[in-house]
Amino acid sequence: MALEVEHVAQDSTIDDDKIIRTGTLWTTVAHIITAVIGSGVLSLAWSTSQLGWIGGPIALFSFAFVTYVSSSLLSDCYRSPDPVTGTRNRSFTEAVRVILGRKHAWICGLLQYVSFYGTAVAYVVTTSTCMRAILKANCYHKEGRDGDCEYGGNTYMLLFGVVQILMSQIPDFHSMVLVSVVAAIMSFCYSSIGLGLGLAQVIENGKIAGSATGYPTVSVAHKLWLTFQALGDIAFAYPYALILLEIQDTVKSPPAENKVTKRASAIAILATSFFYLGCGCLGYASFGNDTPGNLLTGFGFYEPYWLVAFANACIIIHLIGGYQLFSQPVFAFVERWLAQKLPNSQFLKRFHELRLPLLPVFRFNIFRLCFRTTYVATTTGIALVFPYFNEILGVLGALNLWPLAIYFPVEMYIVQRKVEVWSRKWVVLEIFSGVLMVISAVALVGSVAGLIEAKLK
């Protein structure tokens, strides 16, 4: 969506940095929904079951509010020192470097790219789970619920890795508008199916399952670990601060990019919250204490089998695009850094052409092919070693929540807007950051404990 070309289409504008941007409110909404509604939505019914009818809905509403506040603060940092007329910060790390300094940028960059990498691992695990769910749905339909319908997941992780090696040759983030639109449509499809199946199950049961305090445990300590892990899963499902500025960098102006992005965030969060609350609450209302860790692959639902299979197919298509959405910023960072360090390297600059019958010419770079293939291979390898859905999501959510989605946006906003220390706004922002720091810490502890327990079993 941002191309350095000489001829400008009617629906695009050349901005002050001589880059053509064609992004609109609705393409921005599509990018955000693609980033937000991912594998995290499938764990929300389980999270609600751990927190109960009081804590579950409160947590979902609270994280929606936190995400909107975070995105609003961050969108004002796309340009600095003025949020409308200042110099562009084209990535999250660049904004931190310009506003807070190089030391903060180094820490932020490390956390950000570790999070991108971890999300890619989670998407490999989820895709494998969905592939097995499709096979199981067909098997249960033919053999009955007592049939032997167990399938291994390693083969499907490897197949997903092969697909991502091909997808990773997409040049950059700005070339992904079609991928984002398709992925956003798929996310609405499977979220709607999960919501609809939950509602149908509640009607069939004739009652609302569950309790005010959630899943009962043998000890208070175990309840705390599960509660903390549930908070981590919800934290993974919502925030998208990591890629918001990259998305905002695709938006044409006028109107001002921060205004468009704030509107897009509000629309996207309202839409996703509707599905999150529906999937989380209706899933828990359907199954109560037996709520599966993954709403569509845990086989609370068996029929209609074709709809369960279709929903999982939609998840796979969405995750193919979602994997790239979180991987392209890593590719861009490494390739830009090496281009600066080795400006005369033909290995980095030279492109080759591959001509195939009936297909357009494919241009590729040897370094890009090798580096991106290695990246995909390592994420697939780690997924093979740690194929634990809920636990991985909890760890990633806890790691993302405070440092990346809260601390850096709050501190950048304070510096850029010159908020006075001990003023009312400063105190509110610091309390907001401190509370989320505590939640992030306990969620990380609970999720790591769950991951270790799952691995030992």
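Predicted model only: the values in this text are computed from it and were never measured.
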Task: F326 ring center within less than 6.0 Å of Y117 ring center - done: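 Judged by ring-centre distance (under 6.0 Å), Y117 and F326 do not meet the cut-off.
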Open item on the list: Determine whether the aromatic ring centres of residues Y123 and F160 are separated by less than 6.0 angstrom.
Closed with: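 No - the distance between ring centres of F160 and Y123 does not fall below the 6.0 Å cut-off.
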Task: Basic-acidic side-chain contact under 4.0 Å: E257, R79 - done: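 A salt bridge is present here (some side-chain N lies under 4.0 Å from a carboxylate O).
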Task: Side-chain ion pair, E335 and R372, N-O less than 4.0 Å - done: yes
Task: Check: S433 side chain, L429 main-chain N or O, donor-acceptor pair, under 3.5 Å - done: no
Can you list everything that forms a ring-ring contact (aromatic ring centres under 6.0 Å, His included) with [X]? Sequence neighbours excluded, please.
X    : result
F408 : none
W53  : Y284
W337 : none
Y215 : none

Open item on the list: If only side-chain N and O atoms count, and only distance matters, is there a donor-acceptor pair under 3.5 Å linking D249 with Y78?
Closed with: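 Distance-only check passes for Y78 and D249.
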Please list every donor-acceptor pair under 3.5 Å in which a side-chain atom of residues 100-107 meets a protein atom from a residue at least two apart or in another chain.
none

Open item on the list: Suppose we screen for side-chain contact (heavy atoms from CB on, under 4.5 Å). Which residues come up paired with A235, at least two apart in sequence or across chains?
Closed with: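 Result, side-chain contact (heavy atoms from CB on, under 4.5 Å) vs A235: F63, L401.
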TODO: Classify the ring geometry between Y375 and F371 as parallel (under 30°), tilted (30 to 60°) or perpendicular (over 60°).
DONE: tilted
Task: Worked check of side chain to side chain donor-acceptor pair (under 3.5 Å) between S80 and N89 - done: CA-CA 7 Å; S80 59; N89 300 312; 3.2 Å; yes
